[in-house]
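Reviewing the structure listed below.
Just so it is clear: chains get the letters A, B, ... in the order the sequence lines come, proteins before strands, and each one is counted from 1.
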Amino acid sequence: MDKKIIAQILHEIGVLLELKGENQFKVRAYQNGARAIEMLNEDIKQLVKTGKIEEVKGIGKTLVENITELVTTGDLKYYHELKSSVPEGLLEMLKIPGLGPKKVFKLYETLSISTIAELEYACHENRLLDLKGFGPKSQENILKGIEHIKKFQGQFIYRDVYSQAEKILAKLKECQEINEASIAGSLRRFKEVIKDIDLLASSEKPGQVMEYFIHLPQVAEVISKGETKTSVILDTGINVDLRVVAPDEFYSALHHFTGSKEHNTTMRYQAKNLGIKINEYGLFKGEKRIIVNSEEEFFQVLGLQYIPPELRENMGEIEIAEKGQLPNLVNLEDIQGIFHIHTNFSDGINNLEELVLEAKQAGFKYLGISDHSQTAVYAGGLKIEAIKRQREEIQNINSQHQDFYVFHGIEADIHADGSLDYRDEILALFDFVIASVHSGFNISGERATQRLITAMENPYVTMLGHPTGRILLGRKGYEPDMEKVIKAAKENNIIIELNASPYRLDIDWRYLKYAKEMGVKISINPDAHRKEELYDTIFGIKMARKGWLAKDDVFNTMTVQEVRDYFNKRKKGYESSV
DNA sequence: GCCGTTTTCGGCCCGACTGTTTTCAGTCG
């Protein structure tokens with residue numbers, strides 16, 4: 001059992017205790033404990049074995065016992081007892097805006113409501129009206145919330161939200177009463193999935209700003225409106241929160257509203273040690289406010305290096321910033337070329353030449369073509385004859401372009417047993433081979449892990465494609481043990497793909513830091529099926545930054561000559577071993 | 001439930017807004 005699952009269980013215990021009306025500080029202790037475990041660098045089994053787990057801050061006597069039970073038996077009796085005492089539907093009900101643990105439990109206790117469906121029915125029957133703490137407004141809002149959840153499941157992928165946020169922001173900047181405005185929240189932190197848009201503005205006249213905001217043409221409904229905080233729903237169904245602060249509060253507020261909540265919490269502890277209090281209006285030493293004129297200055301006051309928004313997830317960034325050792329994060333300009341491109345030989349829309357022209361225009365120096373392999377019949381996977389034809393076409397293109405190079409690769413399907421879709425002598429024809437899973441998703445995590453590892457042990461494989469097969473908000477993917485997969489990549493000298501399709505963003509950024517520490521290179525691949533999708537590379541860059549990657553950690557920041565040398569060296573490696 | 005050199009007891013991060021109240025609990029970020 002790895003630390004991620006342990007952290008999840010501790011977190012869930014916290015939520016369950018909250019639902020049962022337990023002491024809020026006990027709840028917090030479990031949630032702090034969950035975070036502490038998540039942030040560990042060491043192997044948790046080892047920590048338990050050596051007893052060092054007791055030394056972890058936030059883990060006391062009870063949590064040590066619980067964690068030890070989880071690690072040694074793979075289970076926790078207390079967790080099961082707790083879980084069985086709380087109906088599962090109550091956790092679902094927490095997703096309805098305006099409903100927190102107290103109210104959910106009250107509904108359960110007094111009206112025996114334990115699912116969203118039951119709650120919806122009860123609202124239609126007006127049964128919430130007599131309940132203390134509830135009234136007609138809350139009943140109405142709950143129904144709206146349920147409708148919203150059903151319609152949109154309450155979440156959106158980054159790409160679909162960002163352009164909307166930019167448009168609203170541009171409109172705000174036109175408002176004369178606004179001094180400064182910015183995107184904040186999870187969108188500013190480049191989270192792959194977004195719940196709502198957070199915007200921040202500064203003004204002397206917040207009331208007028210709010211009036212201006214709610215009358216924007218995209219606004220479909222006003223949820224709440226105050227002097228400093230207003231929430232609306234756009235015609236596209238997404239929530240937007242606008243906060244307005246005084247001009248000299250802007251940068252400390254920007255930090256506050258960018259979050260994450262966990263990052264802010266740790267920042268407050270950090271500040272407290274220096275005798276400074278942080279709230280959304282600024283930094284305070286006693287009664288006296290310390291005014292800052294940029295976010296850089298905000299961090300400086302607290303003795304920290306500037307932490308870019310994408311790193312603010314409480315994954316050790318504050319500690320490292322204190323030492324001044326944050327990485328210099330990779331940029332789009334560092335990318336020399338891109339791999340994992342589909343042409344009309346398989347399921348891509350464009351031909352090779354169209355893709356090359358677009359790539360040149362985008363400033364790339366090389367492309368790595370990788371169409372589907374023969375088993376992927378649905379996607380027009382390449383038969384042997386087509387491979388040879390494509391090879392000739394690529395050689396032809398390469399002879400025409402002096403300042404651009406096309407590498408010939410393949411996206412080879414990984415079969416259920418981990419074997420690849422072509423014989424070795426066919427795989428040997430390519431400059432590079434991306435091994436990916438496209439079928440048989442319903443396997444255990446253990447089998448998925450073994451399947452990927454077996455594929456990576458094939459000496460002809462260069463890269464592992466979209467390691468979990470997830471589709472954001474759509475498909476969970478097979479759930480391999482990513483730490484084992486990354487270790488195997490290291491042992492077999494395999495590059496791991498960060499699939500930059502906004503629907504995938506797979507490998508998950510949460511594992512990038514580990515891959516970096518292990519010295520496994522990451523390739524940011526757009527998985528483009530049409531020329532416009534070459535530009536999806538930017539979403540991969542955002543995730544790479546979120547995962548702490550610097551230029552040197554990313555394979556396709558290498559020049560065309562460096563890539564050629566790398567592939568040639570690999571080829572020699574397996575030619576001599578075969 | 002966790003923590004600690006002012007403490008082994010009594011604290012634990014902070015504030016806005018809503019809907020319910022008639023001064024505030026609950027939710028949210």
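Two residues, A:T265 and A:K95, neighbour DNA chain B, and the one matched to the more 5' nucleotide by heavy-atom proximity is A:T265.
Using Watson-Crick or G-U wobble geometry with both donor-acceptor distances under 3.5 Å, B:dT8 finds no partner in any strand shown.
Residue-level contact check: A:K195 touches the backbone only, with heavy atoms under 4.0 Å from sugar-phosphate atoms and none from bases. Residue contacts for A:D196: at a heavy-atom cut-off of 4.0 Å it reaches the sugar-phosphate backbone alone, with no base atom in range. Within 4.0 Å of A:Y30, counting heavy atoms only, lie sugar-phosphate atoms of the nucleic acid but no base atom.
A:V48 approaches A:V71 most closely through the heavy-atom pair CG2-CG2, 4.0 Å. The nearest pair of heavy atoms linking A:I524 to A:P526 is O-CD, 4.0 Å. Nearest heavy-atom pair across A:L302 and A:L274 is O-CD1, 3.7 Å. The shortest non-hydrogen separation linking A:V244 to A:P206 is CG1-CB, 3.7 Å.
Atoms CD1 (A:I142) and P (B:dC28) sit 11 Å apart, rounded to a whole Å. Between A:L187 atom CG and B:dG29 atom C1' there is a gap of 15 Å when expressed in whole angstrom units. Distance, A:L94 CG to B:dT27 P: 9 Å, rounded to whole Å. Protein atom CG of A:N239 is 14 Å distant from nucleotide atom P of B:dT18, rounded to whole Å. If you measure from atom NZ of A:K102 to atom C1' of B:dG26, you get 7 Å, rounded to the nearest angstrom. Following rounding to the nearest Å, A:Q24 (CD) and B:dG26 (C1') show an atom-to-atom distance of 12 Å.
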Enumerate all atom pairs, one protein N or O and one N or O from nucleotides 14-17 of chain B, separated by less than 3.5 Å.
from: B:dG15; atom 1: OP1; to: A:N279; atom 2: ND2; distance (Å): 3.3
from: B:dA16; atom 1: OP1; to: A:Y281; atom 2: OH; distance (Å): 3.2
from: B:dA16; atom 1: O3'; to: A:T228; atom 2: OG1; distance (Å): 2.8
from: B:dC17; atom 1: OP1; to: A:T228; atom 2: N; distance (Å): 3.0
from: B:dC17; atom 1: OP1; to: A:T228; atom 2: OG1; distance (Å): 2.7
from: B:dC17; atom 1: OP1; to: A:K229; atom 2: N; distance (Å): 3.0

Give me, pair by pair, the N or O atoms of the protein and of nucleotides 2-8 of chain B that are less than 3.5 Å apart, along with how far apart they are.
from: B:dC2; atom 1: OP1; to: A:G60; atom 2: N; distance (Å): 2.7
from: B:dC2; atom 1: OP1; to: A:G60; atom 2: O; distance (Å): 3.3
from: B:dC2; atom 1: OP1; to: A:L63; atom 2: N; distance (Å): 3.1
from: B:dC2; atom 1: OP2; to: A:K61; atom 2: N; distance (Å): 3.4
from: B:dC2; atom 1: OP2; to: A:T62; atom 2: N; distance (Å): 3.4
from: B:dC3; atom 1: OP1; to: A:G58; atom 2: N; distance (Å): 2.5

With 3.5 Å as the limit, what N/O pairs link the protein to nucleotides 19-22 of chain B?
from: B:dG19; atom 1: OP1; to: A:N141; atom 2: ND2; distance (Å): 3.1
from: B:dT20; atom 1: OP1; to: A:G135; atom 2: N; distance (Å): 2.2
from: B:dT20; atom 1: OP1; to: A:G135; atom 2: O; distance (Å): 2.9
from: B:dT20; atom 1: OP1; to: A:P136; atom 2: N; distance (Å): 3.4
from: B:dT20; atom 1: OP1; to: A:S138; atom 2: N; distance (Å): 3.3
from: B:dT20; atom 1: OP1; to: A:S138; atom 2: OG; distance (Å): 2.6

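For residues 98-124 of chain A, every residue pair satisfying the salt bridge (charged side-chain N to carboxylate O under 4.0 Å, His left out) rule, not counting sequence neighbours, is listed here: A:E120-A:K150. Identified under the ring-ring contact (aromatic ring centres under 6.0 Å, His included) test for residues 196-255 of chain A, with sequence neighbours left out: A:H255-A:H263, A:H255-A:F298, A:H255-A:F299.
Between A:Y108 and A:F105, the ring planes are tilted. Angles from 30° to 60° get that label.
Classification of B:dT7 as syn follows from a glycosidic angle within 90° of 0.
Within residues 2-19 of chain A, no residue is approached by DNA chain B to less than 4.0 Å at the level of any non-hydrogen atom.
Between B:dC17 and B:dT23, the distance separating the two C1' atoms is 16 Å to the nearest Å. Taking atom P on both B:dT6 and B:dG1, the two are 28 Å apart, rounded to the nearest angstrom. Nucleotides B:dA16 and B:dG11 have their P atoms positioned 24 Å apart, rounded to a whole Å. Separation of the C1' atoms belonging to B:dT7 and B:dC12 is 14 Å when rounded to the nearest angstrom. Spacing between B:dG26 and B:dT20 at atom C1', rounded to whole Å, works out to 10 Å.
Side-chain contact check for A:K95 versus A:I116: every heavy-atom pair is 4.5 Å or farther apart. For the pair A:K546 and A:M315, the minimum side-chain heavy-atom distance is 4.5 Å or more. By the 4.5 Å heavy-atom criterion applied to side chains, A:M482 and A:P467 are counted as neighbours. Within the 4.5 Å cutoff, the side chain of A:D536 has heavy atoms near those of the A:P502 side chain.
Between atom CD of residue A:E65 and atom CG of residue A:L63 there is a gap of 9.5 Å, rounded to the nearest 0.5 Å.
Looking at A:R188 and A:E295, a side-chain N of the basic residue comes within less than 4.0 Å of a carboxylate O on the acidic one, giving a salt bridge.
The number of heavy-atom neighbours closer than 6.0 Å to CD of A:E221, taken from other residues, nucleotides and ligands shown, is above 12. Within 6.0 Å of the OH atom in A:Y121, the count of heavy atoms belonging to other residues, nucleotides or ligands does not exceed 12.
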